[in-house]
There are 2 protein chains.
Amino acid sequence: MTRRNQHLTLRDVSEASGVSEMTVSRVLRNRGDVSPKTREKVLEAARMLGYVPNKIAGALASNRVNLVAVIVPSLSNLVFPEMLAGVSEVLDATDLQPVVGATNYDPAKEEKTLFEMLSWRPSGVIIAGLEHTDASRAMLANCGVPVIEVMDVDGDPVDAAVGISHWRAGYQVGTEIAARGYKRVCVLGTKMDGDHRARKRIEGLERALSESGTGIVDQMAYSGWSGFAKGREMTADALKRVSDLDFLFYTNDLTGAGGLLYCLEQGLDVGGDLGLAGFNAFSLLDGLPRKLATVDSRRREAGQLAARIITGEQTFETEDRRIELVPTFLPGETMRPRSTDQVT
Amino acid sequence: MTRRNQHLTLRDVSEASGVSEMTVSRVLRNRGDVSPKTREKVLEAARMLGYVPNKIAGALASNRVNLVAVIVPSLSNLVFPEMLAGVSEVLDATDLQPVVGATNYDPAKEEKTLFEMLSWRPSGVIIAGLEHTDASRAMLANCGVPVIEVMDVDGDPVDAAVGISHWRAGYQVGTEIAARGYKRVCVLGTKMDGDHRARKRIEGLERALSESGTGIVDQMAYSGWSGFAKGREMTADALKRVSDLDFLFYTNDLTGAGGLLYCLEQGLDVGGDLGLAGFNAFSLLDGLPRKLATVDSRRREAGQLAARIITGEQTFETEDRRIELVPTFLPGETMRPRSTDQVT
DNA sequence: ATGAAAGCGCTAACAC
DNA sequence: GTGTTAGCGCTTTCAT
């Protein structure tokens, strides 16, 4: 019981191999010149003992941390794991490691998580969205490492931003709806203060519709979990409450899919008199009875680019450190053809 | 330019507040008695300066790290975020923080991730599954903190395990299938060496069926992404390749849902002559045209309990540090009633 | 190619 | 209630 804790230290490896701590350190980090012989001895000793280096001490001494903080509202909404997959893909080729924190769409929790993560002095921060508390923005501005706000570019980034414009994505959907002659549009979203991206989509949609002389006829927001069931409920309610609706826009593919299933069961003319569209283009939904109109929000690419900014592979030439990705509108089979495409 | 890096230190706060570093440290950690006056001064100074403590130094000095390593195969398969949600729920009430790593179902990557995470000296490890490389097991056995293997109990845990028995879950489904008079069962899974839980479910199913005098007639495994489309394809193939199938077991609800949609479109007698079942009970799928038979794998509870073992709220009385959760079989509407329930 | 000494920013332990 | 001292396990720097 002479040891303060149960972990092995460099010193143990040093003693076991008969090589100085310093040289052991060099071997274990592949730094500096070490003779193959010494190298072998050290590696053997480390392996035998089961030595696991103490990154805490290493980080303190070297002032270098190979962690990248990634902060997202939720892991249960697939868009975030998908963005994360993009981040991992890129970081896997480096010695950087993502560390994920979830905020439950709560700005206060975001602030806390951010503080917590920054106190580990990560080499970069990737954070979803552009809306943060003042304190969070201050921390991000002063943390001294690259900060990439992802999945949205509608606003002023603290440092850099990568993602689509949800406002413009909504606007585009609105344009497509109008171009196809739909007049009475209902928006079905989930009630979630923290979901700024959904709000921006709706605002863009509204603008496009009003520019084309129509507007949003009704809007419903339900709280709780997004899923098929919620989509069904909302759809049934909407169709009952408002007469003559001819288009339903769901802020999310999952509720959209539920609505689609409901409308098909009701025998409604989906893709004809009644149009439907969701958002996000979840590939797991490929294979619905009818392909739902949607928009690919390019979250994986956003994650990749954010990671590349941190690794330095991606740079900016201008003052404006934003990369706006272009969302792809996918009409699927739930909207009638554009009027100009129609045969007369 | 006298400072080595751009971060503020305790010393800066100490100087700004005219209080010793030690007392500043006490205030910032709420430890020991500090007069309200001093306390206020320190907090004010820290806030003004925007001080973010350096946990690296703190952890090194105190030999305490408030991180819990959570290692999962993937974040894109919803079962893992759901388990994680259970972990977070419990840890949120403490000062512990989950740190998530994904392995892509690759034992070598798992080993690497584990090594990386252990080198940060976390206060506990939660890791999915009981199958690991020898080196991983050795690291887990020697890391000196609680190790909880979650979402499976079919095997020998290094330290503790929480989850359902996938073998028994499969066995139960098999029993239900047999009890309902289905005779020609096909299993549709995804080809994934690392998915031991799916394998165990199939083995349990097979046993139950063979005990009831039948067996698995055919088995298909497709690689790639689980989703509706995959379920459709596999289902179409299976029904074409093998004649007289009367039951399809999907190792996963998503492919199951795709299969369900396909079968309904084909006008097959789903829930009657043709039975279907998935696995996991994803609530986002509530609202399919017909409720798919499935099994709740209780991953959220597994996460909660694992976290409670680490916090010390959950303890064991016996030698066997395993908690076996009981999966709930949900017959849904895609299996005919048990023969004994049938009206004659 | 290898080693010795200093110190990273904080906290434990002890003094006052 | 507050301050002082030593040192956590590594890496940096400089010497050899």
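Throughout, protein chains are lettered first and strands after them, A, B, ... in sequence-line order, and every chain is numbered starting at 1.
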Passes side chain to side chain contact (heavy atoms under 4.5 Å, CB included), Val52(B) versus Met117(A)? Steps please.
CA-CA 10 Å; Val52(B) 177; Met117(A) 292 198 143; over 6 Å; no

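- When the P atom of dG9(C) is taken as reference, atom CG of Leu28(B) falls 16 Å away, rounded to whole Å.
- Regarding Leu60(A), its CG atom lies at a distance of 12 Å from the P atom of dG9(D), rounded to whole Å.
- A donor atom on one side chain and an acceptor atom on the other are not found under 3.5 Å apart for Arg11(A) and Thr9(A).
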Could you write nucleotides 10-16 of chain D as a row of B, S and -, 5' to 3', where a protein heavy atom under 4.0 Å of any base atom gives B, of only sugar-phosphate atoms gives S, and otherwise -?
BBB----

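- With salt bridges taken as basic N to acidic carboxylate O contacts below 4.0 Å, none links Lys41(A) and Glu44(A).
- The distance between atom CG of Asn63(A) and atom P of dC8(C), rounded to the nearest whole Å, is 11 Å.
- Note: CD1 (Ile56(B)) to C1' (dG7(C)) measures 15 Å, nearest angstrom.
- In this structure, the side chain of Thr113(B) engages the main chain of Lys109(B) through a donor-acceptor pair within 3.5 Å.
- A salt bridge does not link Glu40(B) with Lys37(B): none of the charged nitrogens is closer than 4.0 Å to a carboxylate oxygen.
- The shortest distance between the side-chain N/O atoms of Thr38(B) and the OP1/OP2 oxygens of dG1(D) is not below 4.0 Å.
- For Ser20(A), no side-chain nitrogen or oxygen approaches OP1 or OP2 of dA4(C) to under 4.0 Å.
- Atom CG in Asp33(B) sits about 9 Å away from atom P in dT2(D), given to the nearest Å.
- Atoms CZ (Arg39(A)) and C1' (dA1(C)) sit 14 Å apart, rounded to a whole Å.
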Check the pair Glu131(A), Asp152(A) against side chain to side chain contact (heavy atoms under 4.5 Å, CB included), reporting the backbone distance first and the verdict last.
CA-CA 10 Å; Glu131(A) 284 77 17; Asp152(A) 192 359; 4.1 Å; yes

